[in-house]
Amino acid sequence: MPREARKKSKTGIYHIIWRGANRQEIFHDDEDWAKFLEILKKYKKKCELFIYAWCLMSNHVHLLIKEGNEDISASMKRAGVSYVGYYNWKYRTTGHLFQDRFKSEVVESRKYFLTVVRYIHQNPVKAGMVNQPAEWEWSSCQGYYGKSTQPKNLLNADYVLKLFSDDIKVARRRFKEFNETLNNDTCLEDQVNRKRLTDKEAVMEIKKLLGPIQIAQVKSLPKEKRNEALQKVKEIDGLSLRQAARIFGVSLNLVFKA
């Protein structure tokens with residue numbers, strides 16, 4: 001069946017989610033996080049994009065972005081291909097990194113625009129990674145609070161802050177109050193805010209999935225059977241690839257190549 005055409009935004013603004021194929025991690029260290037943002041900055045300039053918010057999690061990315069001199073799909077494809085090239089070179093792997101094409105929803109009202117900004121910043125909080133949005137280093141939140149973000153000139157914060165006040169100090173204070181308000185916001189109907197499993201919980205889920213096979217036996221299985229087991233395990237919600245590698249006593253590289 002042909003793909004459903006991506007809905008066009010009347011404002012040119014989209015909330016975008018990129019996810020790792022098979023929920024695999026797409027960032028493994030600080031260099032990866034920073035590289036993705038540098039690539040985003042490169043195409044922001046080249047494609048004349050406006051970036052109002054971002055949040056990078058281990059296996060998915062949130063962006064609130066306004067398309068520039070070309071269709072948003074073309075701009076995102078450029079950035080995605082560039083990051084995949086870096087990733088495959090660094091980790092000496094091949095194949096798909098992202099899950100099919102990115103997901104998007106149109107943002108066509110001021111109210112929903114602000115809802116998405118808050119939703120993106122609270123992503124790590126609702127996932128149980130931090131207690132407050134500003135504690136997550138790899139989002140645009142700190143930029144709105146008046147702190148520096150890397151890379152410089154990636155964030156277009158002025159438009160958002162002016163919705164709260166023309167006085168920058170008042171705007172930052174009001175935005176912070178709004179940004180940290182408890183809520184039940186849901187966006188894109190995409191269940192990406194799953195809480196990370198503890199190792200104990202992860203072991204219980206893995207044991208249920210493996211049945212008669214013991215966790216300690218997996219790394220000694222023939223390659224085909226081992227990869228089959230690891231592929232199933234990677235589908236467990238809330239389990240990171242790094243966590244799976246630690247539990248099975250194998251390399252991270254082995255898990256994400258399975």
Side-chain angles (χ1 to χ4, degrees), residues 7-19 27 33-34 36-37 40-41 44 48-68 72 76 102-196 238:
K7 186 176 180 181
K8 292 291 292 179
S9 172
K10 296 174 183 176
T11 61
I13 300 174
Y14 298 86
H15 173 205
I16 288 169
I17 295 181
W18 254 328
R19 301 187 68 177
F27 307 110
W33 307 97
F36 183 89
L37 292 176
L40 195 59
K41 180 181 176 180
K44 173 191 175 180
E48 300 177 356
L49 304 168
F50 285 82
I51 299 176
Y52 301 114
W54 72 79
C55 181
L56 277 53
M57 302 291 279
S58 61
N59 67 354
H60 68 278
V61 173
H62 282 275
L63 298 171
L64 181 58
I65 192 166
K66 183 175 182 179
E67 65 185 1
I72 190 65
M76 292 299 94
F102 65 87
K103 293 189 176 183
S104 68
E105 64 176 345
V106 300
V107 179
E108 297 180 331
S109 72
R110 178 181 295 185
K111 180 179 180 181
Y112 193 59
F113 177 86
L114 291 175
T115 294
V116 175
V117 171
R118 180 168 64 187
Y119 176 84
I120 289 175
H121 288 156
Q122 290 202 6
N123 202 248
V125 177
K126 292 181 178 179
M129 308 301 290
V130 293
N131 294 318
Q132 293 295 332
E135 293 173 8
W136 189 252
E137 181 181 358
W138 302 104
S139 86
S140 51
C141 180
Q142 293 188 10
Y144 281 104
Y145 290 3
K147 299 177 182 179
S148 62
T149 58
Q150 294 297 329
K152 292 182 179 179
N153 302 318
L154 178 61
L155 179 64
N156 294 107
D158 290 351
Y159 173 74
V160 177
L161 291 173
K162 285 184 180 296
L163 296 177
F164 290 86
S165 175
D166 288 328
D167 183 312
I168 188 64
K169 290 184 179 179
V170 174
R172 292 195 192 283
R173 186 185 73 246
R174 290 177 179 174
F175 176 83
K176 187 173 187 294
E177 291 173 357
F178 169 81
N179 197 48
E180 297 181 3
T181 301
L182 296 177
N183 62 81
N184 294 311
D185 296 339
T186 56
C187 300
L188 257 187
E189 299 300 321
D190 197 299
Q191 302 303 311
V192 295
N193 287 329
R194 299 180 177 91
K195 187 174 181 179
R196 180 67 57 83

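Position 1 is the first residue of the sequence; numbering continues from there. Any value given below was found using the heavy atoms of this structure, including those in side chains, with hydrogens, waters and symmetry copies removed.
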Subject >> Residue pair V160, F113: steps toward the side chain to side chain contact (heavy atoms under 4.5 Å, CB included) verdict >> reply: CA-CA 9 Å; V160 177; F113 177 86; 3.5 Å; yes
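- Taking the six-membered ring wherever Trp is involved, the centroid distance between the rings of H62 and Y119 falls below 6.0 Å.
- Residue M76 holds its CE atom at 3.5 Å from CD1 of I65, rounded to the nearest 0.5 Å.
- No donor-acceptor distance shorter than 3.5 angstrom exists from the side chain of K103 to the backbone of R19, with no hydrogens or angles considered.
- Closest heavy-atom contact between L37 and P151: CB-CD, 3.5 Å.
- The backbone N or O of K152 sits less than 3.5 Å from a side-chain atom of K41, completing a donor-acceptor pair.
- In this structure, K7 contributes its side chain and V106 its backbone to no donor-acceptor pair below 3.5 Å.
- Closest of all the heavy-atom pairs between A34 and W138 is N-CZ3, 3.8 Å.
- Put simply, the side chain of E67 reaches to within 4.5 Å of the side chain of K8, judged on heavy atoms.
- Atoms CG and CG, from L161 and D167 in turn, are 11.0 Å apart once rounded to the nearest 0.5 Å.
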Original post:
Can N179 and Y144 be said to form a side chain to side chain contact (heavy atoms under 4.5 Å, CB included), step by step?
Top reply: CA-CA 10 Å; N179 197 48; Y144 281 104; over 6 Å; no
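- Classification of the W18-F102 ring pair by plane angle, with boundaries at 30° and 60°, yields perpendicular.
- Judged by distance alone, the side chains of N183 and K126 do bring a donor and an acceptor atom under 3.5 Å apart.
- With S140 contributing its side chain and W54 its backbone, the two residues share a donor-acceptor pair below 3.5 Å.
- Using cut-offs of 30° and 60° for the angle between ring planes, the F164 and F178 rings count as tilted.
- From I168, atom CD1 reaches atom CG of D158 across 6.5 Å, with rounding to the nearest 0.5 Å.
- With rounding to the nearest 0.5 angstrom, the CD1 atom of I17 is 7.5 Å from the CD atom of E105.
- How far OG of S139 is from CH2 of W33: 11.0 Å, rounded to the nearest 0.5 Å.
- For the atom pair CZ of F27 and CG of L56, the computed distance is 4.0 Å after rounding to the nearest 0.5 Å.
- In terms of heavy atoms, A127 sits closest to M57 at CB-CE, 3.8 Å.
- Annotation: cation-pi geometry not satisfied between K66 and Y52 (NZ/CZ under 6.0 angstrom from ring centroid, within 45° of ring axis).
- Within a 6.0 Å radius of CZ in F50, other residues, nucleotides and ligands contribute 12 heavy atoms or fewer.
- For K10 against E108, the heavy-atom pair with the smallest separation is N-OE2, 2.8 Å.
- Formation of a donor-acceptor pair under 3.5 Å by the E135 side chain with backbone atoms of V125 is not found in this model.
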**OP:** Please lay out, stage by stage, how I72 and S104 fare under the test side chain to side chain contact (heavy atoms under 4.5 Å, CB included).
**Re:** CA-CA 10 Å; I72 190 65; S104 68; over 6 Å; no
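- Taking all atoms of both residues into account, the shortest heavy-atom contact from T149 to G143 is CG2-N, 3.3 Å.
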**OP:** In sequence, state the C-alpha distance, the side-chain angles, and the governing distance for L63 and L40, and then conclude on side chain to side chain contact (heavy atoms under 4.5 Å, CB included).
**Re:** CA-CA 10 Å; L63 298 171; L40 195 59; 3.6 Å; yes
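- Q142 places no side-chain N or O within 3.5 Å of a backbone atom of K147 that could act as its donor or acceptor partner.
- The shortest non-hydrogen separation linking A171 to S165 is CB-O, 3.6 Å.
- The backbone N or O of P133 sits nowhere less than 3.5 Å from a side-chain atom of Q122 that would complete a donor-acceptor pair.
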